[in-house]
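Encoded as C-alpha cells, the structure appears first; notes follow it.
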Amino acid sequence: QVQLVESGGGSVQAGGSLRLSCSASGYSSARHCMSWFRQAPGKEREVVAAIYIGAANTDYSYYANSVKGRFTISRDAAKNTLYLQLNSLKPEDSAVYYCAAGVGVPPWAAYCLNGYEYNYWGQGTQVTVSS
C-alpha cells in the first residue's frame, strides 16, 4: 500500500525559506512522476513542481511559472523521499502543500507538470507566509 507523508510546513515571514519533505512508502518511482501541489483557501489546487524519474535515476524537474527560480524539487532515491525547497517566499505562496505520486508512464517527461494523472496523495502540510 502506497503512503505519502508530508512534513516541514510552517509559518515564515516574506522572503523566508522552508523545506518540505514527502516520505513515500510502498511506492516504486521509476519512470513515473511525482509532484507538489498546493491549494489556498477559495482557490483550485494547482501543481507547483513536478519531477520525472527516468531510467538510471535520471530526474527531470519542471516548475509552474509562479514559482520558477524560487522553488526547487528534488528527490533522495535511497530514502524514497521527495523534497520541495521554498525560497523567497511570498504571502501568495500560503497554502496547503500536497505531495502526489503516479503509477502511469508519461508520454514525455514534461507531462508530469501538465496533464498527468496522479494516483496517490499525501495529507498536506500548511505553509503560511506573512508580510
Side-chain angles (χ1 to χ4, degrees):
Q1 183 177 354
V2 175
Q3 189 173 18
L4 304 176
V5 179
E6 301 102 332
S7 61
S11 297
V12 296
Q13 290 192 326
S17 298
L18 286 171
R19 189 176 82 154
L20 308 183
S21 300
C22 172
S23 177
S25 58
Y27 178 67
S28 175
S29 59
R31 299 182 68 207
H32 297 156
C33 302
M34 298 186 75
S35 69
W36 287 95
F37 285 75
R38 69 185 180 187
Q39 187 167 22
K43 294 188 177 181
E44 293 188 356
R45 185 173 58 192
E46 61 174 351
V47 61
V48 296
I51 192 166
Y52 171 70
I53 298 92
N57 278 324
T58 301
D59 297 344
Y60 301 88
S61 54
Y62 303 91
Y63 300 92
N65 289 334
S66 60
V67 306
K68 199 173 293 183
R70 300 189 298 121
F71 291 7
T72 303
I73 189 171
S74 62
R75 187 177 68 94
D76 185 327
K79 296 181 179 180
N80 214 12
T81 299
L82 184 72
Y83 300 100
L84 185 68
Q85 179 67 41
L86 295 73
N87 294 332
S88 302
L89 282 162
K90 305 175 181 179
E92 52 264 42
D93 293 319
S94 297
V96 178
Y97 284 70
Y98 298 91
C99 171
V103 299
V105 177
W108 52 84
Y111 198 71
C112 294
L113 189 68
N114 187 7
Y116 185 78
E117 179 181 354
Y118 287 90
N119 307 99
Y120 303 103
W121 297 84
Q123 81 287 353
T125 186
Q126 177 71 47
V127 172
T128 303
V129 185
S130 58
S131 57

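With a 4.5 Å cut-off on side-chain heavy atoms, L113 and Y63 do not count as touching. Considering only heavy atoms from C-beta on, R38 comes within 4.5 Å of S66 through its side chain. Considering only heavy atoms from C-beta on, N114 stays 4.5 Å or farther from V47 through its side chain. Looking at S23 and K79, their side chains never come closer than 4.5 Å, going by heavy atoms from C-beta outward. Using a 4.5 Å heavy-atom cutoff, the side chains of V2 and V103 are not in contact. Using a 4.5 Å heavy-atom threshold, the side chains of V129 and L86 count as separate. E6 has its side chain out of reach of Y97: every pair of non-hydrogen atoms, C-beta onward, lies at least 4.5 Å apart.
For R19, the salt bridge (charged side-chain N to carboxylate O under 4.0 Å, His left out) test picks out no residue, with sequence neighbours left out.
Linking Ile, Leu, Val, Met, Phe, Trp and Tyr residues whenever their side-chain heavy atoms come within less than 4.5 Å leaves L82 and Y118 in two separate clusters. Clustering ILVMFWY residues whenever any of their side-chain heavy atoms sit less than 4.5 angstrom apart, transitively, puts I73 in a cluster other than the one holding Y111. Residues V127 and Y98 do not share a hydrophobic cluster, defined by chaining ILVMFWY side chains whose heavy atoms lie under 4.5 Å apart. Clustering ILVMFWY residues whenever any of their side-chain heavy atoms sit less than 4.5 angstrom apart, transitively, puts Y120 in the very cluster that holds L84. L4 and Y83 fall into different hydrophobic clusters, where Ile, Leu, Val, Met, Phe, Trp and Tyr residues are linked whenever their side-chain heavy atoms come under 4.5 Å apart, directly or through other members.
For Y60 and Y62, the gap between ring centers reaches or exceeds 6.0 Å. W121 and F37 have their aromatic ring centers within a separation under 6.0 angstrom. Taking the six-membered ring wherever Trp is involved, the centroid distance between the rings of Y52 and Y116 does not fall below 6.0 Å.
Summarising the geometry, atom OG1 belonging to T72 is positioned 10.5 Å from atom CD1 belonging to I51; distances are rounded to the nearest 0.5 Å. The OG atom of S61 sits 10.5 Å away from the CD1 atom of I53 when rounded to the nearest 0.5 Å. R70 CZ to L89 CG: the interatomic distance, rounded to the nearest 0.5 Å, is 6.5 Å.
Of all the heavy atoms in S17 and S88, the pair that sits closest is OG-N, 4.4 Å. For the pair S29 and R75, the tightest heavy-atom approach, listed with the atom from each and the gap, is OG-NH1, 3.4 Å. Summarising the geometry of S131 relative to P91, their closest heavy-atom pair is CB-CG, 3.9 Å, with the distance given to 0.1 Å.
In this structure a side-chain-to-backbone donor-acceptor pair under 3.5 Å is present from N80 to A24. In this structure a side-chain-to-backbone donor-acceptor pair under 3.5 Å is missing from R31 to V105.
Sorted by first then second residue, the disulfide (SG to SG under 2.5 Å) pairs that include residues 17-91, not counting sequence neighbours, are C22-C99, C33-C112.
Residue E92 places its CD atom among more than 12 non-hydrogen atoms of other residues, nucleotides or ligands, all under 6.0 Å distant.
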